[in-house]
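So that the names make sense, note that chain A is the first sequence line, chain B the second, and so on, each numbered from 1.
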Amino acid sequence: MKEELSRLIHQALDELVKTDALPADISPNVQIDRTRDSSHGDLASNIALTLAKASGRKPRDLAAAICAALPPSDLVARAEIAGPGFINFFLSASSSQAVVRNILEQGDAFGRNAEGAGRKVQVEFVSANPTGPLHVGHGRGAAVGDSLCRLLAATGWDVTSEFYYNDAGAQIDNLALSVQARCRGLGPDDASWPEDGYRGDYIVDVAEAYQRGDTIDAEDRHVQGAGDAGDLAAIRDFAVAYLRREQDLDLQAFEVHFDNFFLESSLYEKGAVEDTVARLVANGHTYEKDDALWLRTTDFGDDKDRVMRKSDGGYTYFLPDVAYHLDKWQRGFERVINEQGADHHSTVTRVRAGLQALDQGIPEGWPDYVLHQMVLVMRGGAEVKLSKRAGSYVTLRDLIDEVGCDATRYFLVARGPGSQLTFDIDLALSQSNDNPVYYIQYAHARTRSVLRKLAEQGWEWHAERALQDLEQLGEEHEKALLRRLDSYPEVVATAARDLEPHTVANYLRDLAGDFHTWYNAHKMLVDDAAVRNARVALSEAVGQVIRNGLGLLGVSAPESM
RNA sequence: GGGGGUAUAGCUCAGCUGGAUAGAGCACCGGCCUUCUAAGCCGACGGUCCCAGGUUCGAAUCCUGGUACUCCCGCCA
């Protein structure tokens with residue numbers, strides 16, 4: 001549609017150049033925008049404003065000349081000059097109604113495109129260490145990351161989702177010590193409680209399960225509790241498996257799926273960490289100082305050099321991070337997106353620097369990052385601190401149990417990742433019916449209800465026949481809906497390109513609003529068969545788009561509410 | 001000190017890569033259910049788009065300089 005209009009304008013400009021009404025050396029950048037106000041038509045161009053100076057003519061005069069030179073087209077009913085010199089295009093009824101046919105014919109595919117051209121992309125998100133249940137911050141990562149996967153898949157990318165976790169580091173030792181202490185009947189307030197031990201109640205559950213000899217069947221490991229409080233290694237394996245299973249259940253409840261789980265320990269087993277060190281040393285980007293091995297990341301834009309191998313011989317987390325990303329590159333992911341909490345933003349420069357130092361031909365800006373800001377959780381008017389160690393943080397499972405998966409996912413994905421999110425539990429609980437997700441789902445349920453009612457009244461409706469009656473859609477509310485529906489593919493394309501799923505959420509709210517307004521203003525199931533057919537077709541199109549859009553957010557579209 | 005993010009209605013937030021009269025939800029006020037689902041609709045109220053400059057036909061949006069809040073800056077992950 002935009003392309004077509006752009007072509008018409010170019011033709012008009014060529015005509016004006018030919019008749020010397022415009023200088024030949026202009027380089028028009030024709031821009032077509034959707035109008036905000038329907039009194040400004042459906043689409044508008046600012047071309048006369050941008051060319052006014054170069055042509056030495058007043059914008060409105062130039063706009064008039066362009067309008068006069070526009071070749072006739074079935075798409076456009078009329079073009080008007082408005083404001084300082086905009087050209088407003090009013091689409092013909094038939095071309096604006098065509099979107100209904102497109103939607104009903106394309107169904108689930110409406111809004112998808114092939115921009116990714118089947119290229120491989122990996123999205124890594126959540127990546128929580130198995131030291132406790134997932135909290136709200138992980139939930140935001142899960143909601144955003146999963147939506148990104150869906151958006152990328154919808155725009156032609158070959159997507160792999162991945163969850164990375166550390167199953168062997170210092171924090172895991174700390175976890176094991178905490179469970180061991182619980183096995184011995186100690187509490188966080190006892191003198192011999194491990195320093196910085198995990199204080200949460202879930203540690204008690206792990207300890208009891210271990211001592212009972214429970215069997216854990218997690219996605220990637222199967223462990224039985226040995227029951228021996230003295231066997232720290234056994235406790236560690238059991239605790240990791242136990243908490244991984246808990247996280248799997250959290251993700252399952254959140255309806256988030258991962259294609260791959262990647263263990264940090266596997267990097268050591270494969271020798272990938274040693275290889276990475278060797279390569280960095282061979283490339284001459286390292287030096288020894290204070291018994292430690294440093295990487296000169298300042299050569300690659302970092303503000304100071306980083307330790308790779310500590311003076312005690314162990315590696316810092318930085319090194320396996322680099323090894324891990326090299327592994328991603330070697331798996332053929334030319335594009336990788338890491339969705340993380342913004343508190344990790346300082347690792348971005350570091351990891352990219354490490355990859356550059358490897359000299360493997362990895363592009364400088366690789367990989368991409370989507371960083372989400374903190375989620376503040378309010379309860380009873382006060383902030384709940386998200387401290388694992390205090391054990392008082394709000395878990396994702398709590399939220400899902402309390403406000404439901406759909407509402408939680410919508411809430412966490414409906415805001416831009418860059419804005420801090422205040423999740424007010426009291427508000428979510430006391431006013432869960434006011435959550436925007438219900439507003440959208442309700443619109444969908446209404447479209448389904450109309451079909452049921454139609455059948456009850458003995459009327460028949462067939463898409464192919466109804467599409468013959470689309471010219472019956474002449475009400476202003478209907479035109480607004482048609483405009484909104486027509487913009488959906490652009491919304492999806494933009495959201496995917498900018499990695500911003502929340503624009504889809506905003507769009508759906510607007511679409512649902514247009515639908516509810518129309519629903520209240522006009523009855524669909526009227527006696528006039530042609531009008532009825534057309535309106536039900538429009539309703540069906542709305543339902544389809546809501547379904548498609550909610551699908552991108554991982555939110556269900558219920559048949560009835 | 002360095003870096004990331006944010007600043008828009010009483011509150012929570014949108015604002016489509018510079019467009020026309022800056023929008024929604026919540027809260028408050030007033031209307032609409034005998035009629036396809038009132039989890040809905042209609043109306044009213046509500047603004048120094050943090051401040052100061054700059055860029056241009058045109059700035060909430062871009063640039064510069066400030067201010068405030070927040071997160072990060074370890075031989076933790």
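Heavy atoms of A:Asp305 sit nowhere under 4.0 angstrom from any nucleic acid atom. Residue A:Tyr519 is in base contact, counting any heavy-atom pair closer than 4.0 Å across all strands shown. Among the protein residues, A:Ala52 comes within range of no part of the nucleic acid, since none of its heavy atoms lies under 4.0 Å from any strand. Looking at heavy-atom distances under 4.0 Å, A:Gly85 makes no contact with the nucleic acid at all. Within 4.0 Å of A:Arg509, counting heavy atoms only, lie sugar-phosphate atoms of the nucleic acid but no base atom. Here A:Lys453 lies in heavy-atom contact (under 4.0 Å) with sugar-phosphate atoms only. Residue contacts for A:Ala82: at a heavy-atom cut-off of 4.0 Å it reaches a base atom on one of the strands shown. Heavy atoms of A:Gly169 sit nowhere under 4.0 angstrom from any nucleic acid atom. Residue-level contact check: A:His502 touches the backbone only, with heavy atoms under 4.0 Å from sugar-phosphate atoms and none from bases. Base contact: A:Ser311 has a heavy atom under 4.0 Å from a base atom.
With distances taken from any side-chain atom of A:Thr503 to the nucleotides B:G15, B:A20, B:C42, the minimum falls on B:G15. The side chain of A:Asp303 sits closest to B:G2 out of B:G2, B:G19, B:U37. Nearest nucleotide to the A:Lys53 side chain, out of B:G19, B:A77, B:U56: B:U56. Closest to the A:Asn166 side chain, of the nucleotides B:C13, B:A77, B:C41, is B:A77. Of all nucleotides listed (B:C75, B:G3, B:G15), B:G3 comes nearest to the side chain of A:His345. With B:C42, B:C72, B:C36 as the candidates, the nucleotide lying closest to the side chain of A:Asp343 is B:C72. Side-chain proximity of A:Ser449 to the nucleotides B:A77, B:A20, B:C36 is greatest for B:C36. Checking B:U37, B:U17, B:G40 against the side-chain heavy atoms of A:Asp498 singles out B:U17 as nearest. Listed nucleotides: B:A20, B:G40, B:C42. Nearest to the side chain of A:His516: B:G40. Residue A:Gln420 has its side chain nearest to B:U70 when only B:A20, B:C16, B:U70 are considered.
Contact check, A:Thr517 against B:C42: a side-chain N or O comes under 4.0 Å of OP1 or OP2. Distances shorter than 4.0 Å separate some side-chain N or O of A:Arg446 from OP1 or OP2 on B:A38. Side-chain nitrogen and oxygen atoms of A:Ser346 include none within less than 4.0 Å of the OP1 or OP2 phosphate oxygen of B:G2. The phosphate of B:G15 has neither OP1 nor OP2 within less than 4.0 Å of any side-chain N or O from A:Arg36. Distances shorter than 4.0 Å separate some side-chain N or O of A:Lys304 from OP1 or OP2 on B:G74. Distances shown here put every side-chain N or O of A:Lys58 at or beyond 4.0 Å from the OP1 or OP2 atom of B:C57. The side chain of A:Ser419 contributes an N or O atom lying less than 4.0 Å from OP1 or OP2 of B:A14.
An aromatic stack links A:His40 and the base of B:A20, using centre distance under 5.5 Å and interplanar angle under 30°. The side-chain ring of A:Tyr439 is not stacked on the base of B:G40, judged by centre separation under 5.5 angstrom and plane angle under 30 degrees.
Base orientation at B:C63 is anti, since its O4'-C1' glycosidic dihedral falls outside 90° of 0.
Within the shown strands, B:A52 is the pairing partner of B:U64 under the Watson-Crick or G-U definition, both distances less than 3.5 Å. In this structure, B:C69 forms a base pair with B:G5, meeting either the Watson-Crick or the G-U wobble geometry with both donor-acceptor distances under 3.5 Å. B:G74 is unpaired under the Watson-Crick or G-U wobble criterion, no partner having all donor-acceptor distances under 3.5 Å. With both pairing distances under 3.5 Å, B:G43 is matched to B:C29 as a Watson-Crick or G-U wobble pair. When Watson-Crick and G-U wobble pairs are counted only if both distances are under 3.5 Å, B:G23 pairs with B:C13. Shown here, B:G58 forms no base pair; nothing in the strands shown gives a Watson-Crick or G-U wobble contact with both key distances under 3.5 Å.
Note: NZ (A:Lys523) to C1' (B:C36) measures 6 Å, nearest angstrom. For the pair A:Asp37 CG and B:A20 C1', the interatomic distance rounds to 8 Å; values are reported in whole Å. In this structure, A:Arg352 atom CZ and B:G4 atom P are separated by 13 Å, rounded to whole Å. Taking atom CG on A:Leu421 and atom C1' on B:C11, their separation rounds to 15 Å, with Å as the unit. Between A:His477 atom NE2 and B:C36 atom P the separation is 19 Å, expressed in whole Å. The nearest whole Å value for the distance from the CD1 atom in A:Ile440 to the P atom in B:A14 is 15 Å. Look at CG on A:Leu371: it is 8 Å from C1' on B:G4, rounded to the nearest Å. Spacing between atom CG of A:Asp61 and atom C1' of B:C57 amounts to 14 Å, rounded to whole angstrom units.
Rounded to the nearest Å, the gap between the C1' atom of B:G19 and that of B:G25 is 26 Å. Between B:C45 and B:A7, the distance separating the two P atoms is 27 Å to the nearest Å. Straight-line distance between the C1' atoms of B:C11 and B:G47: roughly 15 Å, to the nearest whole Å. For the P atoms, the distance linking B:G15 with B:U8 amounts to 14 Å, nearest Å. For the P atoms, the distance from B:G43 to B:C72 is 46 Å, rounded to whole Å. The gap from the P atom of B:C62 to that of B:C33 amounts to 47 Å, rounded to the nearest Å.
Heavy-atom nearest nucleotides on RNA chain B were determined for A:Arg497 and for A:Tyr317, and the one closer to the 5' end corresponds to A:Arg497. When each of A:Asn506 and A:Arg309 is assigned the nucleotide of RNA chain B bearing its nearest heavy atom, the one mapping closer to the 5' terminus is A:Asn506.
Remark: A:Arg296 is not positioned above the aromatic ring of A:Tyr287, lacking an NZ or CZ atom under 6.0 angstrom from the ring centre and at most 45 degrees off the axis. Remark: A:Arg306 fails to qualify as a cation-pi partner of A:Trp294 under the 6.0 Å distance and 45° angle criteria applied to the six-membered ring. Cation-pi contact between A:Arg244 and A:Phe163: present, with separation from the ring centre below 6.0 Å and deviation from the ring axis of at most 45°.
Side-chain atoms of A:Arg352 come within 3.5 Å of backbone N or O of A:Pro367 as a donor-acceptor pair. Looking at A:Asp486, its side chain never comes within 3.5 Å of a backbone N or O of A:Leu482 through a donor-acceptor pair. Between the A:Thr316 side chain and the A:Val307 main chain, a donor and an acceptor come within less than 3.5 Å of each other. Checking side-chain atoms of A:Asp469 against main-chain N and O of A:Val531 turns up no donor-acceptor pair under 3.5 Å.
Nearest heavy atom pair, residue A:Ser45 against residue A:Gln31, reads OG-O, 3.0 Å. When all heavy atoms are compared, the tightest approach of A:Ala414 to A:Asn506 is O-OD1, 4.1 Å.
Side-chain atoms of A:Asn88 come within donor-acceptor range of the base of B:A20, with a qualifying N/O pair under 3.5 Å.
A donor-acceptor contact closer than 3.5 angstrom links the side chains of A:Asp37 and A:Ser39.
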